[in-house]
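In this chain, residues are counted from 1 in sequence order.
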Amino acid sequence: MITTRFTETFGVDHPIICGGMTGVGTADLISAVAEAGALGFLTALTQPTPEALVREIARCRDLTDRPFGVNLTILPTLAPVPYAEYRAAIIESGIKVVETAGSNPAEHVAAFKAADVKVIHKAVAVRHALKAKKLGVDAVSVDGFECAGHPGEEDIPGLVLIPAAVRQLDVPVIASGGFATGGGLAAALALGACAINMGTRFVASAEAPVHANVKAQIVANDERATQLVFREFGNTGRVARNAISEEIVTRSKRPGAVFEDVAALASGVRGRTRVLQEGHMDDGLWWAGQAQGLIESVATCDEIVSGIVTDAEKIIDRLAGLRG
């Protein structure tokens, strides 16, 4: 077993996180992650209302008695999101750890800390991580350029970003972006991180609530099978490469292009329905990281977590044996 500041602070067996993923982070997956001894986060905004989130938290508790948390991502949306109500639902449900991401979480961090809820904030730049630390977060998840989702606009890979953050932070740092193997966990620990955060690897799990075609596509894809979208609009996202992402890139490069030119193609509802639920792999935008190139099979969460930890322990032992 690998014990770190992360496992001690958050009361889990292994230094592995399944971060929030819209449309994927439901009780089905997160309870399995928890049972495997890792820390998983239900995704608050996957649930249509705060009341539905309360029910999903209760469902997860019915499936596991081990620790899990909730992700609250704060991003601009076409329709206003009642963030305060989602936050209240999290607190009133007795959740003890929250992952925040997206825009400035100051208001939410203050409320969570007042309720004795631990907070992990996801950042894509060292300066953002430092700001989160000043807000009082308990840990920072540092997202390298390899990640799925929004890697920011500075294109700093994890091999540089993670130790740069560790050098300036005195709270636990979680390495995120490009992690899917025991070698990755061992490398993250060597860079000074206390844990790894995986998304794409857990999408390709038996328990992930997505179509089998999605899981098979992740296994079939290599590290080149992602694409950056929305860069022209200052909101870069890394997604799986498919017909929709290619068309979004083409339209975005046209002179005078605006987001409305691609909005219908980029619809989150379309991606979740047509791809994640129905398995039409070229009919919607879906998120995946470069770690696709490291994923060779669909496995249970227990197999994923135990395999990564065992491999990392072997690597650490082998490297320790090289001394002297």
Side-chain angles (χ1 to χ4, degrees), residues 12 16-75 77 81-83 85-87 89-102 120 122 141 148-149 176 197-218 240 267-280 284-289 295 298-305:
V12 294
I16 296 174
I17 285 178
C18 174
M21 293 183 284
T22 302
V24 182
T26 67
D28 311 271
L29 174 60
I30 301 311
S31 63
V33 170
E35 286 292 296
L39 182 61
F41 288 91
L42 295 173
T43 310
L45 300 189
T46 291
Q47 302 305 317
T49 65
E51 293 76 18
L53 175 59
V54 170
R55 292 192 293 272
E56 191 69 3
I57 291 170
R59 188 166 78 93
C60 199
R61 287 196 173 118
D62 286 340
L63 296 170
T64 183
D65 59 2
R66 308 194 78 173
F68 66 90
V70 176
N71 165 280
L72 185 65
T73 296
I74 309 106
L75 289 173
T77 56
V81 174
Y83 285 111
E85 294 177 26
Y86 275 99
R87 186 180 70 220
I90 292 167
I91 293 170
E92 291 166 11
S93 294
I95 290 294
K96 294 303 181 184
V97 57
V98 166
E99 178 189 58
T100 57
I120 300 171
K122 184 178 287 187
S141 182
S176 181
N197 182 8
M198 303 190 303
T200 305
R201 170 67 274 199
F202 282 119
V203 179
S205 70
E207 296 90 347
V210 301
H211 197 282
N213 289 354
V214 177
K215 304 176 188 185
Q217 189 69 62
I218 291 172
S267 164
V269 172
R270 174 176 178 167
R272 290 190 293 275
T273 301
R274 299 294 291 159
V275 180
L276 298 186
Q277 295 176 18
E278 299 175 2
H280 303 291
L285 204 65
W286 61 288
W287 306 92
I295 298 169
V298 176
T300 67
C301 289
D302 185 65
E303 290 167 340
I304 290 169
V305 171

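- Taking every heavy atom of both residues into account, A27 and L42 meet most closely at N-CD2, 3.4 Å.
- The side-chain hydrogen bond (donor to acceptor under 3.5 Å, both in side chains) test applied to T26 returns D28, not counting sequence neighbours.
- Residues V33 and V305 form no side-chain contact, since every pair of their non-hydrogen atoms from C-beta on lies 4.5 Å or further apart.
- Two residues are said to be in side-chain contact when any heavy atoms from C-beta on lie closer than 4.5 Å; K215 and V210 meet this criterion.
- From S31, atom OG reaches atom CG of D65 across 11.0 Å, with rounding to the nearest 0.5 Å.
- The structure places CD of E56 at 9.5 Å from OG1 of T43, a figure rounded to the nearest 0.5 Å.
- Counting heavy atoms from C-beta outward, S205 and T300 have side chains that stay 4.5 Å or more apart.
- Side chains of K122 and N71 form no contact here, defined as non-hydrogen atoms less than 4.5 Å apart.
- What you find for N197 and C18 is that their closest heavy atoms are OD1-C, 3.9 Å.
- Residues E278 and T273 have side chains in contact (heavy-atom distance under 4.5 Å, counting atoms from C-beta outward).
- The shortest non-hydrogen separation linking L45 to T73 is CD1-O, 3.4 Å.
- Between atom OG of residue S176 and atom CD of residue E99 there is a gap of 8.0 Å, rounded to the nearest 0.5 Å.
- Taking V97 as the reference, F10, L39, F41, K118, I120 meet the side chain to side chain contact (heavy atoms under 4.5 Å, CB included) condition, with sequence neighbours excluded.
- Shown here for A148 and G289, the closest heavy-atom pair between the two residues is CB-N, 3.3 Å.
- Across all their heavy atoms, R272 and T22 have their closest contact at NH1-CG2, 3.5 Å.
- The line from CD1 of I295 to OG1 of T200 is 6.0 Å long, rounded to the nearest 0.5 Å.
- Every ring pair (Phe, Tyr, Trp, His ring centres under 6.0 Å) that W287 has, sequence neighbours left out, goes to H150.
- Annotation: the span from I304 atom CD1 to E207 atom CD amounts to 7.5 Å, rounded to 0.5 Å.
- Once rounded to the nearest 0.5 Å, the distance linking OH of Y86 with CD1 of I74 reads 13.0 Å.
- For the pair V24/W286, no side-chain contact is recorded, criterion being any heavy-atom separation below 4.5 Å from C-beta on.
- Looking only at distances, no side-chain donor or acceptor of R274 sits under 3.5 Å from a matching main-chain atom of H280.
- Closest of all the heavy-atom pairs between I95 and G69 is CG2-CA, 4.2 Å.
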